[in-house]
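Here the structure is a predicted model, which means the values were calculated and not measured.
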Amino acid sequence: MSTPETTPLRLLVVDGDDALKESTVRALRRRGEPVSATRVEDAGGLDAALAEDGVDLVLLQPDLPGVDPAAIITAAEQPEPPVPVLLLGGSTAPVEVGARDRVDPDDPEDLTHRLRREAADAVARRRLISLERRYQDSERRAHELVDRSRDAIAYVQEGILVHANPAFRRRLGEGAEPEGTPLLEWLGEQGRDAVRKALRRTEGGRGRPAPLSAELLRPGGHHQAVRLDLRPADYQGEPAIQLTLQSGDEEGALRQRVRRLEHQDPITGLFNRQHFLQSLEALAPDRDEGATVICLSVDHFEDLRARLNPAGADALLARVAERLRRRFSPRHHLARFQGPRFTALLEPLGEPALARLGLALCRDIADDLFEVGDHSLPVSASVGIACWDGDESPVELLERAFQAAREAADSGGNGARLAAAPDHGGGADDWLDALEQALAEDRLVHVFQPVGDVRSAATHGGELLVRLRDHEGTLHPPGAFLSAARRGGLMPRLDRLTLDHAARRLAAGEDGPLFVKVTAESLEEPEFPARFREQFGAGAAAGLVIELAESDVVAHLRAAGELAEAVRAAGGALALEHFGTAPDGEAAQERLRADYLKIDGEIVGRLEEDPDYRARLEGIVRLAEETGATTIAERVETARTLPLLWQAGVDRIQGYFLHAPEEERATG
């Protein structure tokens, strides 16, 4: 018995009266075995009891008049797995009728021992069947994902290509039919011997080789340089090798390590200036608007350097870096930018949260007495903060943060200052004019991006996204015009427009879940929850999921709670998007209990290269399990991240790997 303290053994006794059943139950209970038992008199009663799936063992009185033991045992073998049958006394040998064993009802110790053994065996067989089914289902879904992947993936058994996904076929050429052909026939002479040896080593279970360089034979006799990534796998229940074709110029592990060192500051171990500038250049208006640059500069550093000498000054900077690591994670690209100046790149946060963060950074430095060599030094820092509106260049954003830090230092240091919003002049006004005209002419349209199961091809609703169509019919991404909408105070209007569109789709019978963003500007409107209640009565929001950015919830926790109440009262659900970026995100989820946690795309994109991000992902999945939320990975671009998401327990995915936003699903 698997858990005898809490799970009673369920017996079914086939006997002519209750006497044998009752004596068996009493004997077991006297020995501390929890047990429940029912009695039937023939094979018909046995069939009915087995159909209810509530039987662990069958005890059969073999000398029962009018009952064929073989018929009873045949009926017990029908479920999956079969239910063991034990003979209760009698002279019939178990092997004659196919029973598992015979027990003596008058010997309580023997009875207990044999029943416990048979029950444990039944539990083990049941669990094995369940695991086999789960494995087969997982393998089937994994192959479905492979077939839909944009990466070129194939399976090899004994050197023969047994399956190739569409992307792999396209790499081989138009009309290629690789199944059933040797892999080496598709490779040129250069590198072929190394591939042959790697196949043998992988098939022999001697580990996974590093990616190999080879030449892929293309139609017309052309050769293409590729890299082959081999890893042990299973295909249709048999050992196989999963083969992924990569571009020939992809870096190996050593080159990646060198590149990481090129991005590291040797004094502090933080990222360096080059890395931070590249992170800034990677900002995209349609996803990173509101991103924040933090600049921290050590006050009076030249005086400190004069006291400490250059080596001591470097040690001081390393100590400052240690303090900053406590406040920032790798996703914030914390860097020693230059000299005594440190920078970090944060997710969008409201002004109150940024003000608190700036003061906290100042306290982190000023409250410590820095021990450097023989010196005990009081140190302070000035902090500048600038938020990106999506229109200015990243260099301009950085300069505004530097200027704010200089202003804080000029005011005496040990303080933080938030930079004023940039003045864009006529270009920004052009976008605002275009947006207002598009609203007047009903040229804002909604596109649909599906959400899919990470383990199968099934979709689970999707997200409505707004786009601006110009007079030539071109759809513009949201970055520029949403920045104009924020400056012009139009975000609540756009939110209402999307909610109206969602309401029409749901009323037309769309099942959902249909994800719709609600921005911080709408949260700041006190009447927004009441307006939502007017639009969606009781049950009218079934299938609707309101998305709130994690940082917006942290900055507007009370307003987010009021909106959550309104949404749930109408039958809708809540999602926290860009989850895993705000410092207080876990506390917000504990309070809000969102139904969905949409894991930020930066975490998803860095899973392969950075174990810190994998640990962060696992923490989010644990939080989701504790709070009953479904996890959705945002911005999934390639199949390479799917195994990591799968292993971590992520439920669903969204991104260009699954499907780009499409207008065809929209109706206006």
To the nearest 0.5 angstrom, please state how far the [atom1] atom of [X] sits from the [atom2] atom of [Y].
X: R505; Y: L544; atom1: CZ; atom2: CG; result: 12.0 Å
X: L217; Y: L184; atom1: CG; atom2: CG; result: 10.5 Å
X: T181; Y: I160; atom1: OG1; atom2: CD1; result: 7.0 Å
X: K517; Y: I546; atom1: NZ; atom2: CD1; result: 11.5 Å
X: D651; Y: L645; atom1: CG; atom2: CG; result: 10.5 Å
X: D453; Y: H460; atom1: CG; atom2: NE2; result: 4.0 Å

Below 4.5 Å, heavy atoms only, C-beta onward: do [X] and [Y] meet side chain to side chain?
X: D600; Y: E634; result: yes
X: L514; Y: F448; result: yes
X: Q654; Y: I632; result: yes
X: E577; Y: F515; result: no
X: I603; Y: I620; result: yes
X: L644; Y: V604; result: no
X: V545; Y: D595; result: no
X: P513; Y: Y596; result: yes

Given 3.5 Å as the limit, does a donor-acceptor pair link the side chain of [X] with the main chain of [Y], or not?
X: R614; Y: L607; answer: yes
X: T631; Y: L597; answer: no
X: H275; Y: N272; answer: no
X: R331; Y: G580; answer: yes
X: N165; Y: V146; answer: yes

Could you tell me whether [X] and [Y] make a salt bridge, using a distance below 4.0 angstrom between a side-chain N and a carboxylate O?
X: R192; Y: E215; result: no
X: E586; Y: R616; result: yes
X: K598; Y: E550; result: no

D101 vs R117, side-chain contact (heavy atoms from CB on, under 4.5 Å): CA-CA, chis, key distance, verdict: CA-CA 11 Å; D101 204 346; R117 182 192 64 193; 2.6 Å; yes

Please report the shortest heavy-atom distance between [X] and [Y], naming the atom on each side.
X: A194; Y: L212; answer: O-CD1, 3.9 Å
X: A198; Y: L230; answer: CB-CD1, 3.7 Å
X: V621; Y: G649; answer: CG1-O, 4.0 Å

side-chain contact (heavy atoms from CB on, under 4.5 Å) against T627, all qualifying residues, sequence neighbours excluded: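 By the side-chain contact (heavy atoms from CB on, under 4.5 Å) rule, T627 matches Q589, E590, R593, L623, A629.
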
Those residues that, when tested against A344, pass side-chain contact (heavy atoms from CB on, under 4.5 Å) (two or more places apart):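 A344 satisfies side-chain contact (heavy atoms from CB on, under 4.5 Å) with I294, F328, L334, L346 only.
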
side-chain contact (heavy atoms from CB on, under 4.5 Å) assessment of L574 paired with L548: CA-CA 8 Å; L574 269 294; L548 302 174; 4.0 Å; yes

Any side-chain donor near an acceptor of the partner, E238 and Q157, under 3.5 Å: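 The answer is no; no qualifying pair exists.
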
side-chain contact (heavy atoms from CB on, under 4.5 Å) evaluation trace for R169 with E179: CA-CA 10 Å; R169 292 168 179 268; E179 280 86 354; 2.7 Å; yes

Pairs flagged by ring-ring contact (aromatic ring centres under 6.0 Å, His included) wherever residues 159-189 is involved - sequence neighbours left out: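 ring-ring contact (aromatic ring centres under 6.0 Å, His included) check on residues 159-189 returns H163-Y235.
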
Derivation and outcome, side-chain contact (heavy atoms from CB on, under 4.5 Å), residues L187 and L228: CA-CA 11 Å; L187 301 179; L228 307 182; 4.0 Å; yes

